[in-house]
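Every chain is numbered from 1, with letters handed out A, B, ... down the list of sequences.
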Number of protein chains: 2
Amino acid sequence: MSTMHDVAQRAGVSPKTVSRVVNGEPGVSERTRQKVDAAIAELDFRPNTVARNLRTGRTGLVGLALPHLSQPFYAELAEAIMREAERHDLTVLTELTGGVAEAELALVSEHGPYLAGLLMYPVGLSDEQARSVARAVPTVFMSERAYEAPVDRVAMANREGVRAMVGHMASLGYTRIAALGADHTGRPERAAAHLRLDGYRDGLSDAGLPYLPELVLEVGTPDWDRQHGAEATRGLIERGVPFDAVVAFADALALGALHAVQEADLAIPDQVAVAGFDDLDDARYACPSLTSVAPGTAQIAREALALLNDRMALTAPQNTGRLVVADFDLMARESTLGGVAAWGTA
Amino acid sequence: MSTMHDVAQRAGVSPKTVSRVVNGEPGVSERTRQKVDAAIAELDFRPNTVARNLRTGRTGLVGLALPHLSQPFYAELAEAIMREAERHDLTVLTELTGGVAEAELALVSEHGPYLAGLLMYPVGLSDEQARSVARAVPTVFMSERAYEAPVDRVAMANREGVRAMVGHMASLGYTRIAALGADHTGRPERAAAHLRLDGYRDGLSDAGLPYLPELVLEVGTPDWDRQHGAEATRGLIERGVPFDAVVAFADALALGALHAVQEADLAIPDQVAVAGFDDLDDARYACPSLTSVAPGTAQIAREALALLNDRMALTAPQNTGRLVVADFDLMARESTLGGVAAWGTA
DNA sequence: CACTTCTAGTTCATCGATGTCAACGGACCG
DNA sequence: CGGTCCGTTGACATCGATGAACTAGAAGTG
């Protein structure tokens, strides 16, 4: 590994001049610039990032904190963010928190000091903890929950998305539309469930349909997975409650519902229509393919990095948090439209 | 941020002594150690990682290079590796290569200098390129392809896994077992396909079944996804070739096959049994749940980090690469066994 | 021509921690 | 009692790059 000093000697100039050339600073004549460039090429010199970081105090490292990667939603989000970070010349350091406040905080105390910024999908953090995280390092949350803290946040169009989905179903003639994934604990970390339930009510009222509590299915755990989606749907069927559609608050739940409905020999979408939220790859490939709300993952990644950039540059307001809500798309597929749409297409 | 200097002043000692305490070096009396510890606590001092890295030349950063995260197999692998890295006190820097040699190399030239090690799932690299990567930074490949280079590698039990799967099917009485995912291009980057096909032949010959070329399905692209799995299976059905089982070389292909088989109104597993490879979460949740070869992802992560540790410590032999093959498990589920095994269980 | 004004480039200190080596004080020994 | 040795501790240089302050010479100005 050659250093700037080596390059300087070879080019017959001072190290500082080499530094100027490398960083494209002004005050270097064309002639010397060329000499230095030549020396750099000959020695295959690459500036030592660590030393630079120490001197400048900047690292170009941003932390990405997610609960898991094994759930496709997070994996897809991670991928989008990494691709976007690359465009900003930032290096991503990924940490899995398991959705536990402890781990979410540990990340900050352990890596915080040398992180230029932090993108976090917080789950367990309290308002107070969120504040302390944001105080320690420039932070952007990707989260449906609003925090009582001056933190930037990117969210999905939870309410509007579900509202539109209910509208979609109503316009197809479905009238007894179940909601799958409600939460009645009121706990703030379940904000996504609350907002989506609000959207469900909005959609019903838009369509002039009554809100029927027996069609609102709670899911026992905070984990929205197929297992629980199937169980809740089975329960609905067994109770004999009449219904002709299910709007699930997550694709995983919807895929479970799909399973339970087919298990009961009900035709999709003729007897029961099903829809989800997240637009996972799995939704496209499900059988039948699943209608879903695409939450604009790419846009979320873009906005999150834009906000973070501002904050790292201290361009952003210091005492207030900004909120960006991503646009959604309603991806209508076989599970509501029926037909023989080619499998695996958008 | 307080520095060692601050702590030293507060404790009335020299910075070097603080350094000794922090790093648990010997040669510090109990009395001073306590004074220093107290000062550290009072100032909430945390050593500056960047400065330490510069001085020592070590970083504790390992790169993780994967083609994608959006394919569940890679996401699950990434998760396993991150969890394991944490146990080794290593920080993981993830990069997505898209499976392109260019990106795989760029990672090294860009971040290589300050990476303590590299875990890569290589796809596009040539032997020569693999060599140059391994020369630049301590490297462990996770890859089915063997490289003509002194690089450590962790692989799956490709051949044995498929062999066992074919045995499993034969023991259940299936005799016309199709292979899905073969490759006849012979290109080295498709080694997984070649090995698995070998395993298929082994399995047939173990069971005394003939190898029938018309039952070997090639998949057009290197991408093993559901779409292609479904297409190839449809082709088989349309050609009217009799078959009673499909062993797919990847779960994604198997899920596609599942779809195509059901589409043709063939009962699973009564008329056609289906099995995959990878044991994705999706396999457990498929309908019917999918029998699959679990490649031992957790073990792969463990072994990969163990090998990398050796190599970073220079404990490993320098001119030769080691190979570890992970154990596999045959997860038999409804798609071969039938029955009503609880959905979503192991 | 003396004097300011640039420009191109240099010197030196510095970021924070750590390796090297020397110094200091007490214990122990002959 | 002088000398050696050992356990502690500190002074200083160093890792590689960069910011601040400075200089030598060219160019412009009245």
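- Residue A:Asn48 has its side chain nearest to D:dA17 when only C:dA17, D:dA17, D:dG19 are considered.
- At a threshold of 4.0 angstrom between heavy atoms, the contacts of B:Arg52 are confined to the sugar-phosphate backbone, with no base atom among them.
- The only member of B:Leu308, B:Thr91, B:Leu115, B:Thr94 that meets side-chain contact (heavy atoms from CB on, under 4.5 Å) when paired with B:Val62 is B:Leu308.
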**Q.** Nucleotide-resolved protein contact map, nucleotides 5-12 of chain C, B/S/- at heavy-atom distance under 4.0 Å
**A.** ---SBBB-
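- Contact annotation: B:Ser19 side-chain N/O to C:dT18 OP1/OP2 distance is under 4.0 Å.
- One can place CZ of B:Arg55 at 7 Å from P of D:dC15, the figure rounded to the nearest angstrom.
- Comparing the axis of the opening five pairs of the helix from C:dC1-D:dG30 to C:dG30-D:dC1 with that of the closing five pairs yields an angle of 60°, rounded to 10°.
- Checking side-chain atoms of B:Thr59 against main-chain N and O of B:Asn53 turns up no donor-acceptor pair under 3.5 Å.
- For A:Arg58, whose side chain is taken as the heavy atoms from C-beta onward, the closest listed nucleotide among C:dT18, D:dG19, D:dG16 is D:dG19.
- Here A:Phe45 pairs with nothing under the ring-ring contact (aromatic ring centres under 6.0 Å, His included) rule; sequence neighbours left out.
- Residues A:Ile40 and A:Val7 approach most closely at CG1-CG1, 3.8 Å, considering heavy atoms.
- With ring centers used as reference points, B:Phe141 lies 6.0 Å or more from B:Tyr121.
- Counting any heavy atom pair closer than 4.0 Å across all strands shown, A:Phe45 reaches sugar-phosphate atoms only and no base atom.
- Annotation for A:Leu125 and A:Ala130: closest pair CD1-CA, 4.1 Å, computed over non-hydrogen atoms.
- B:Asn53 comes within 4.0 angstrom of no nucleic acid atom, judged by non-hydrogen atoms across all strands.
- Using modelled atom types, one side-chain atom of A:Gln129 and one backbone atom of A:Ser126 make a donor-acceptor pair closer than 3.5 Å.
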